[in-house]
Amino acid sequence: DARVTQTPRDKVTEMGQEVTMRCQPILGHNTVFWYRQTMMQGLELLAYFRNRAPLDDSGMPKDRFSAEMPDATLATLKIQPSEPRDSAVYFCASGLGGTNEKLFFGSGTQLSVL
Amino acid sequence: SQQGEEDPQALSIQEGENATMNCSYKTSINNLQWYRQNSGRGLVHLILIRSNEREKHSGRLRVTLDTSKKSSSLLITASRAADTASYFCATEGTGANNLFFGTGTRLTVIP
């Protein structure tokens, strides 16, 4: 079965450290989304790519977060420096693009910043 | 915020009963989708209803959409213990392909 792969599954780090989360979208999908899930805020859209180009990253704190797609098979989300309030589950999702697309989610990265 | 809101936040029912969850949203939409999330895992797409549709069925799932009231409902009939999960609505706004999720309903089906 085709699936979205996220690594690492879990990450524990200390405040101030750089964190990099990776996502391999499903082959042939041309849209990639990054979401953050917390109990308080629910699922927040952080960034959205189509054909590797960032279309919307308005939900992402620009001073410390960055999202890129170095190639069609890899999307990255970096936090530098990390803070305890960044602790959350980060999900990547991919889709075929266009209107009325459904998204396929990865299993997420559980990030804990101490 | 473009997030939808779901009601109730939590729902507990006996196996075999029907479960109804509601979603309200704020903007004009192309479609509304429902996803399911088992604890600690990624979301799984269940069903999509377009803005020009009023009702859609898929197995034991029935979704309705009322664009005049900006609301949708998800009905799960003859619930099973395996239906225990969180259910989220998500809306794709017109003029954009972003997908914004609601706050979710936590469903517990008691065997």
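These numbers come from the heavy atoms of this one structure, side chains and all, not from hydrogens, waters or symmetry mates. Letters A, B, ... mirror the listed sequences (proteins, then strands); counts begin at 1. Predicted, not measured: the structure shown is a model, and the values here were computed from it.
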[Y] side chain reached by [X] side chain, heavy atoms, under 4.5 Å:
X	Y	value
B/Q37	A/F105	no
A/L45	B/N98	yes
A/Q37	B/F88	yes
B/L43	A/L43	yes

Return yes when atom [atom1] of [X] has more than 12 non-hydrogen atoms of other residues, nucleotides or ligands closer than 6.0 Å, and no otherwise.
X	atom1	value
A/E83	CD	yes
B/R41	CZ	no
A/Q80	CD	yes
A/K62	NZ	yes
A/L27	CG	no

Would [X] and [Y] show up in the same hydrophobic cluster when neighbours are defined by side-chain heavy atoms closer than 4.5 Å?
X	Y	value
B/L61	B/L65	yes
B/L99	A/W34	no
A/L77	A/Y48	no
A/V89	A/M21	no

Positions in residues 44-54 of chain B that reach chain A, provided some heavy atom is under 4.5 Å away: B/H45, B/L48, B/R50
Flag, side chain of B/Q33 to backbone of A/E101, donor-acceptor distance under 3.5 Å: yes
Any donor-acceptor pair under 3.5 Å from A/Y35 side chain to B/F100 backbone: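 Answer holds: no.
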A/E44 CD to B/F101 CZ distance, which is reported to the nearest 0.5 Å: 13.0 Å
Contact origin within A/L103 toward chain B - heavy atom pairs under 4.5 Å: both
All N/O donor-acceptor pairs, side-chain side in residues 2-12 of chain A, below 3.5 Å, sequence neighbours left out:
{"unit_1": "A/Q6", "atom_1": "OE1", "unit_2": "A/C92", "atom_2": "N", "d": "2.9"}
{"unit_1": "A/Q6", "atom_1": "OE1", "unit_2": "A/G108", "atom_2": "N", "d": "3.0"}
{"unit_1": "A/Q6", "atom_1": "NE2", "unit_2": "A/Y90", "atom_2": "O", "d": "2.9"}
{"unit_1": "A/R9", "atom_1": "NH2", "unit_2": "B/G40", "atom_2": "O", "d": "3.1"}

